[in-house]
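Working notes, structure below.
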Number of protein chains: 2
Amino acid sequence: MTVTVTVTQRQTRVAWIEAAYRELARAGERGVAITALAARLGVTKGSFYWHFKDRTELLRALLDRWAHERTDEMLRMSLGSTGDTRERLRRIQALGREVAPIDRAMRLWAQHDKDAAEAVRQADRALLAHIAACLEELDFTPEESRLRALLMLRTWAGGYLVQGPPGDLGPDPDARMLEILLAR
Amino acid sequence: MTVTVTVTQRQTRVAWIEAAYRELARAGERGVAITALAARLGVTKGSFYWHFKDRTELLRALLDRWAHERTDEMLRMSLGSTGDTRERLRRIQALGREVAPIDRAMRLWAQHDKDAAEAVRQADRALLAHIAACLEELDFTPEESRLRALLMLRTWAGGYLVQGPPGDLGPDPDARMLEILLAR
DNA sequence: TCATCTCCATACTCCATAGTACGGTGACCA
DNA sequence: TGGTCACCGTACTATGGAGTATGGAGATGA
């Protein structure tokens, strides 16, 4: 009955990954500290090094965890596709705000880690293709669509690095930014 | 003749700051390690702790160093103002590419340091105002100008976090991105 | 009942880096 | 020529976090 054994082990291993994932979204990759996570889970490091070889193995598991979550989001984006293309883009924008903490953490992590950079790159490739497909429906050329998709993604991610100014930006700046990116 | 003494001291102190500044641009705030800098300068930590109270004092000096450099750049931008507004914006864009390493390091540092965040915020306030002023010359309303200036800055900074896709973007993507941000 | 296996606690080591104590050297000055 | 001082080398301590060695508790099956 190795099956039961495996299930039980994976349960606790998943608990570690989930806790680490929350901490990653909250405090970044550097915040994923084994001792602190153990305290949060009510156990000690002894538990961790039973389920994982080392910290790197946990971090790789976090990359997988994130990649799968992103894939699910992409599927939800494709399935819940309204007829209105602008509405689809607005939903992508809203989804971006929703996943901002973990997205931010991943992109910052990718700045100094090759594997994280590759994960982000793969995810962005799919997201950019999806946005570009939306733009082609609005009669932009494929080349122009790819360029504007990149522009949108950089604008959203740039929000992590550039805060809004003190001056008044008017009502619903996000919606108006989207309109600017769709103007010819 | 304490004057001579002071000058000599400041020379070496400045050497430390310059070396740290280069390392900041190259490897980020975490890369500013005292022992490594000492080796690069051909001295030991004993020298460092003569000129600085601790590592924090060096980091604060780096913030000042950067803020002054940014002020100088803003002055150069204002002085070398051509009549053509689009040309001015292109020059700002080019200047952004030029200072990308240190700019990137500062923004990443600002993600987990309050003082660095404040320094970036102050610098961005001036830069955004300058870009917005350019946009007003192109007959955008003040509100619209502030919004588009923010859009531009976020796009440029977003380039640190989002790499270009494998697909072809056509000739001179930066210039065409600028045109998109100027379209109505 | 005892033998084994899973899971975890305890108590360490190891390593990198910040920071300190103190002594030495060379220049300059009275 | 002896004294002072700026400047730095040497050798330490302190700290935080990763990783290890080992034993023990509890379940489980023969």
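Worth saying up front: this structure is predicted, and the values here are computed from it rather than measured. Below, chains carry the letters A, B, ... as their sequence lines are ordered, and counting in each starts from 1.
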Without decimals, in angstroms, what is the distance between [X] [atom1] and [N] [atom2]?
| X | N | atom1 | atom2 | result |
| --- | --- | --- | --- | --- |
| B:Trp16 | D:dC7 | CH2 | P | 14 Å |
| B:Phe52 | D:dC8 | CZ | C1' | 14 Å |
| B:Trp50 | C:dG23 | CH2 | P | 16 Å |
| A:Arg30 | D:dA18 | CZ | P | 12 Å |

- prompt: So, is A:His51 near the phosphate of C:dT6, with a side-chain N or O under 4.0 Å from OP1 or OP2?
  reply: no

field: Which residues share a side chain to side chain donor-acceptor pair (under 3.5 Å) with A:Arg154, sequence neighbours left out
entry: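 Result, side chain to side chain donor-acceptor pair (under 3.5 Å) vs A:Arg154: none returned.
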
- prompt: In chain order, what residues pass the side chain to side chain donor-acceptor pair (under 3.5 Å) check against B:Arg26, with sequence neighbours excluded?
  reply: B:Glu23

message: Is a donor from one side chain sitting under 3.5 angstrom from an acceptor on the other, for B:Gln111 and A:Arg104?
response: yes

message: If only side-chain N and O atoms count, and only distance matters, is there a donor-acceptor pair under 3.5 Å linking A:Trp50 with A:Thr12?
response: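 The answer is no; no qualifying pair exists.
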
- request: Could you run through nucleotides 11-20 of chain C and give me one letter per nucleotide, 5' to 3': B if any protein heavy atom sits under 4.0 Å from the base, S if only the sugar-phosphate is that close, - if neither?
  value: -------BBB

- prompt: Do B:Arg184 and B:Phe140 meet the cation-pi criteria used here (NZ or CZ under 6.0 Å from the six-membered ring centre, within 45° of the axis)?
  reply: yes

- prompt: Can you check whether B:Leu63 reaches B:Glu118 side chain to side chain, under 4.5 Å on heavy atoms?
  reply: no

